[in-house]
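Here's a structure for you.
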Amino acid sequence: MQINSKLPNIGTTIFTVMSALAREHNAINLSQGFPDFGCSPKLLELAQKHMQAGFNQYAPMQGIIQLRERIAEIIQTCYNKAYSPDTEITITAGATQGIYTSIAAFINKGDEVIVFEPAYDCYVPAIEVHGGIAVPIELRYPNFTIDWHQVKEKVNSKTKMIIINSPHNPSGTTLSAHDLHELESIVKGKNILVVSDEVYEHMAFDNQPHQSVARYKSLSEQSIIVSSFGKTVHTTGWKIGYVAAPKEIMTEFRKVHQFLVFAVNHPFQLALADYLADKATYVELKNFYQAKRDLFRKLISQSRFTLEPCTGTYFQLVNYKKISDEKDTEFAIRLTKENKLAAVPLSVFYGKQTDNKLLRFCFAKKDETLVAAAEIINKL
Ligand code: PMP
Ligand code: GLN
């Protein structure tokens, strides 16, 4: 059979590749972004309770109302914006499905979607599968800031969507209020939808509040916010996330959602709704990860890597040009095989494989894992 691939140039994701390599070589895995510690025992008890109580059949298509109400409360608490749990919030199988569904629901053949590179790896393939055209704009290295003049130049009548992500994976940087105002003024009055990937929303550091699009009235009216509980409660394997958007946008989103997954894991939604009643579970997350960031940065401050700024997420970028001039992909593979430490090379997040000699380390790890990784790093 002749296969006419819709994604001829796409291989396996870097996260799967690096985690497999780490396992094969028994390396410390700071590559794929996930905690190596458990979630709260209370959350596990709640999940078990709801399974034992028999909530093991389909959840409602939009997600259980208790969790949608909880999400509305979280958004109200954090960003002072009301979304209707009934018509404006949907539970998804992780942020990945929220992003894919947003693109599937709104992108037609030939539509242009602006993405900022380095870009999280699920954006461009989803655009291309739907016949859209990804229009990449590189963030300015070293601070990974957006050149808004360039954005204005790239916007045209074919531009249907702009995807933003703050706190940003893989750079570990965050957008400012100024950035959000710029975006708001660019899309205002145009038929452009903003997809705002905010999965690290509760991990913005140094007392800088997370700039959710929910904070900006006119911007939020043409935006879909995507987030994920995987990051917030240390359960990346549960694959439960959500999207929030104005009713008219959500109606279209749900038309696709119902045929892509229909509904999401029922007992875990109930557990999350109960668990997140305690606001400390999300409000204090930034302190937890800021302490990990500070520990990791201190541990490797004397190494030959240059530490890039990290204002959010659980990723720390390092520049290795004082150590090697190898390609970042080759350096990352060698580091895993020879030094037993796995990281993610940054060039894979660029269409043009831009190589600034950067590696991404995930610091969502036990302190002892970070100490062991630092021992390796400091010898390089
Ligand atoms: N967006 C970004 C920026 C991410 O880092 C991730 C994964 N960590 C996702 C989306 C996907 O989240 P999920 O695992 O909930 O699908
Ligand atoms: N988002 C995680 C990361 O950036 C990985 C998720 C995945 O493996 N798809 O490492």
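The figures here come from the full heavy-atom set of this structure, side chains too, leaving out hydrogens, waters and symmetry mates. Just follow the structure's listing: the first ligand is 1, and inside any ligand the first atom is 1. As the structure is a prediction and not an experimental result, all values here were calculated from the model.
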**Asked** Less than 3.5 Å between some nitrogen or oxygen of Asn165 and one of ligand 1, yes or no?
**Response** no
**Prompt:** Gly94 heavy atoms, cut-off 4.0 Å: which ligand 1 atoms fall inside?
**Reply:**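 Counting atoms of ligand 1 from 1, those under 4.0 Å from Gly94 are 15 (O), 16 (O).
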**Prompt:** Any N or O on Tyr123 sitting closer than 3.5 Å to an N or O of ligand 1?
**Reply:**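 Tyr123 vs ligand 1: no N/O contact under 3.5 Å.
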**Message:** With a cutoff of 4.0 Å, is Phe34 in contact with ligand 2, counting heavy atoms of the residue only?
**Reply:** no
**Prompt:** Applying a strict 4.0 Å limit to heavy atoms, is Lys231 in contact with ligand 2?
**Reply:**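 The answer is yes: ligand 2 sits under 4.0 Å from a heavy atom of Lys231.
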**Item:** Within reach of ligand 2, part of Arg360 (heavy-atom separation under 4.0 Å)
**Value:** side chain
**Prompt:** Nearest protein heavy-atom contact for atom 5 (O) of ligand 1: which residue, which atom, what distance?
**Reply:** Tyr200 OH, 2.6 Å
**Request:** Among all protein heavy atoms, pick the one closest to atom 9 (C) of ligand 1 and tell me residue, atom and distance.
**Result:** Tyr120 CE2, 3.5 Å
**Request:** Please verify whether a non-hydrogen atom of Asn169 lies at under 4.0 Å from ligand 2.
**Result:** yes
**Qualifying ring-ring contact (aromatic ring centres under 6.0 Å, His included) pairs, either residue in residues 4-42, two or more places apart** = Phe15-Tyr120, Phe37-His234, Phe37-Phe288
**Message:** If we only consider heavy atoms of Asp197, is any one of them less than 4.0 Å away from an atom in ligand 1?
**Reply:** yes
**Asked** Which class fits the ring pair Phe363 and Phe205: parallel under 30°, tilted 30 to 60°, perpendicular over 60°?
**Response** tilted
**Asked** Has ligand 1 got any nitrogen or oxygen that is less than 3.5 angstrom from a nitrogen or oxygen of Asn169?
**Response**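 By distance alone, the answer is yes.
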**Protein heavy-atom partner closest to atom 11 (C) of ligand 1 - residue, atom, separation in Å** =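 Answer for atom 11 (C) of ligand 1: Thr96 OG1, 3.3 Å.
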**Prompt:** Any idea which part of Asp121 is under 4.0 Å from ligand 2, heavy-atom wise: side chain, backbone, both or neither?
**Reply:**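 Neither; nothing of Asp121 gets under 4.0 Å from ligand 2.
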**Message:** Any nitrogen or oxygen of Ala95 lying under 3.5 Å from a nitrogen or oxygen in ligand 1? Just yes or no.
**Reply:**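 It does: an N or O of Ala95 is found under 3.5 Å from an N or O of ligand 1.
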**Message:** Under 4.0 Å, heavy-atom basis, I'd like to know which part of Phe229 is in contact with ligand 1: side chain, backbone, both or neither.
**Reply:** neither
